[in-house]
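Order of listing sets the numbers, starting from 1, for every ligand and every atom in it.
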Amino acid sequence: MHTEPSRRPFDLPRFQELSERSRTPVAHLEWPAELGSTNDALAERLTADPDSWPDFSVLGTDFQSAGRGRLGRVWTVPPGACLTFSLPVRVPAAFPIEMIGWLPVVTGWCVAEALGAAGAGAGVKWPNDVLVDGRKICGILTRAHPAVGGTIVIIGIGINVSLTAAELPVPTATSLLLAGGSTDREALLAGVLERLRPAVAEVLAAGEGAGASASAAGVREAMVTLGADVRVELPGDEHFTGRAVALDDTGALVVDVGGARRRVSAGDVVHARAL
Ligand code: BTN
């Protein structure tokens, strides 16, 4: 369904009603009209008063003046045009650190599923972009926050909701509006959380077995990078090309380079169509 851009402030009571209906009420929710970056602001709040921010609490905003993207990039969108929020997840001390890479990709999968329910069929691009028709609609940025008794992973999510073509940050991006999906931000947030909570809980409980979890299977199914010819860009300016063939047990991308397999746990990929 194609709806007109809606730039009204996020409707907290309506969201709370929707999330209670989907049996995923949020323990703590703050939604100031403007913030620098929800990831940074959540880190500050977790440092000051961690107990007020149980897992899957939400800090969102209608406008970020200093939104952060991956690899030091900025994330800038017009006020009210994006669903922009961050949430904390406490990682048990016993959880194997090499499995932590599952959290961002599982997040991408849950966002893709929620976008599908909103009328825009989506896939995941490794490591954690969400695409609709090959165009980026969502970016995810995670950061580790040291805490007493372990680590809190801050998961930051930005979904392009009502951006018009003229407002896209790059021509290879898209929005729910442009993809013909629903631009109901409250329903979208409820849809993401409804999927994310059980999926993350499953991965954390699986520990060493995270790669064999149902969530990992969902990620592999939704991963449009698999089977694609890719250019892999590694931290520090190194790059190579090959065909993405698998996600290993830790969520790392396995790339076939002329018959030899290379494992990539950190970096970026460009799909052949965009090369
Ligand atoms: C990327 O694709 O480069 C990641 C973009 C992540 C953007 C989100 S918006 C909410 C959260 N707060 C931030 O400052 N960034 C993330």
Which atoms of ligand 1 are found less than 4.0 Å from any heavy atom of [X]?
X	answer
Gly67	14 (O)
Thr84	9 (S), 10 (C)
Ile140	4 (C)
Gly158	8 (C), 9 (S)
Thr38	10 (C), 11 (C), 12 (N)
Ser37	12 (N), 13 (C), 14 (O)
Arg70	1 (C), 3 (O), 4 (C)

Can you find an N/O atom of Lys136 closer than 3.5 Å to an N/O atom of ligand 1?
->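 In this structure, Lys136 places an N or O atom under 3.5 Å from an N or O of ligand 1.
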
So is Gln64 polar-close to ligand 1, meaning N/O to N/O under 3.5 Å?
->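 Yes.
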
Return the orientation label for the Trp31 and Phe10 ring planes: parallel under 30°, perpendicular over 60°, tilted otherwise.
->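 Parallel: the ring planes of Trp31 and Phe10 meet at under 30°.
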
Counting N and O atoms only, with roles assigned by atom type, does the side chain of Trp109 sit under 3.5 Å from a partner on the main chain of Met223, one being a donor and the other an acceptor?
->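 The answer is no, because no donor-acceptor pair under 3.5 Å joins these two groups.
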
Which residue owns the protein heavy atom closest to atom 15 (N) of ligand 1, what's the atom, and how far is it?
->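 Closest protein heavy atom to atom 15 (N) of ligand 1: Arg68 O, 2.7 Å.
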
Residue of the set Leu83, Ile137, Asn160 for which side chain to side chain contact (heavy atoms under 4.5 Å, CB included) holds with Leu176 |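 Among Leu83, Ile137, Asn160, the one meeting side chain to side chain contact (heavy atoms under 4.5 Å, CB included) with Leu176 is Ile137.
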
